[in-house]
Amino acid sequence: MDDILLDVQDLTHCFRLGRNRTLRALDGVSFQLRRGEIFGLVGESGSGKSTAAKCIMNILRPTAGKIRYLGVNTCDPGQFRSHRKLLQTSRQIIFQDSTSSLNPRMTVAEIIAEPLVIHRIRPSRGSLRAEAAFQLKCVGMDPGCLDKRPPELSGGQRQRTAIARALGMSPELLVADEPIASLDVSIQAQIINLLQELQEKYKLTYLFISHDLSVVEHISDTVGVMYLGNLVEYGDTVDIFKNPLHPYTKALFSAIPIPDPTAKMNRIVLEGSIPSPANPPAGCKFHTRCANCMEKCKHEAPEQKEIEPGHFVVCHLYDK
Ligand code: SF4
């Protein structure tokens, strides 16, 4: 158990929509992250990926479930208070949209130094400016950008600045919530390469959220597939991409473009759109779109089963 950095058990989060209505954005999600691992979380918009990231970062308080980080139950206010500094420094997040996650009035130097100031951390390179210059170099930017403000930077430079800000806290866990979704394709490749280099250099652990399956296959060691607040399949990246089990995973993967114009794609087209999490279908939440739907799928929610070592699926097709 020593190499488990993050242990998420039965994580549930409901948003209140009104007096009698709730939206169950996460519904009993469980997974573990080992140290140095990159865990890719995929799924359509509205599947609960970002809500999971926000609960893990204590931006949202879970309605139920447990999140243990380095053995600390981060959902317990008492434990959170006693380990506040550890929890607020060694876990960092990179948001999708650097335009809104960076303050346009601050300089790059101020942005990178701000967390150190807030947490009263003495900069290891003498001054806050020297520390910011060092972190900027680590993410491949010229220290000449230190006095620029976010609107003067390109999209790629802004995202590098956001990564530098996170790195300045010497994190162990980096939660990257769609870090390349708002970038051009050529810049996306640069940011992915940078994240991989940093992961190897600093032995970081990533929770990497994306809807780009090719990128997730490229970067991740393990993959979790989310649908309507549930983790429907979870396992080693090679196993999941070679042998997807859940009908939803199969449909998602069938849409990955093949870089060969002569190759025939056997695309599985899903009918309709993802149902509202405020009013999810009974039984298996995927049954309204599943080509393999059976009668019991409409009434009975499937349980998680381990089909091969470390490869889990939630589907009645695999009931014994
Ligand atoms: Fe399809 Fe039934 Fe499996 Fe749900 S449980 S994914 S409806 S086969």
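Each ligand, and each atom within it, is numbered from 1 in the order the structure gives. Quick caveat, the model's predicted, so the values are computed rather than measured. All residue numbers refer to positions in the sequence shown, counting from 1.
- Here D10 pairs with nothing under the salt bridge (charged side-chain N to carboxylate O under 4.0 Å, His left out) rule; sequence neighbours left out.
- Donor-acceptor pairing under 3.5 Å is lacking for the side chains of T205 and E172.
- A salt bridge is defined here as a Lys NZ or Arg NE, NH1 or NH2 lying under 4.0 Å from an Asp or Glu carboxylate O, and D142 with K137 fails to meet this definition.
- Distances shorter than 2.8 Å separate atom 3 (Fe) of ligand 1 from the protein N/O/S atoms C315 SG.
- Figure legend: R91 and Y69 shown as a cation-pi pair, the cationic atom lying under 6.0 angstrom from the six-membered ring centre and within 45 degrees of its axis.
- Ring geometry for Y234 versus F312: interplanar angle under 30°, hence parallel rather than tilted (30 to 60°).
- Taking the charged nitrogens against the carboxylate oxygens, D319 and K296 do have a contact shorter than 4.0 Å, which makes a salt bridge.
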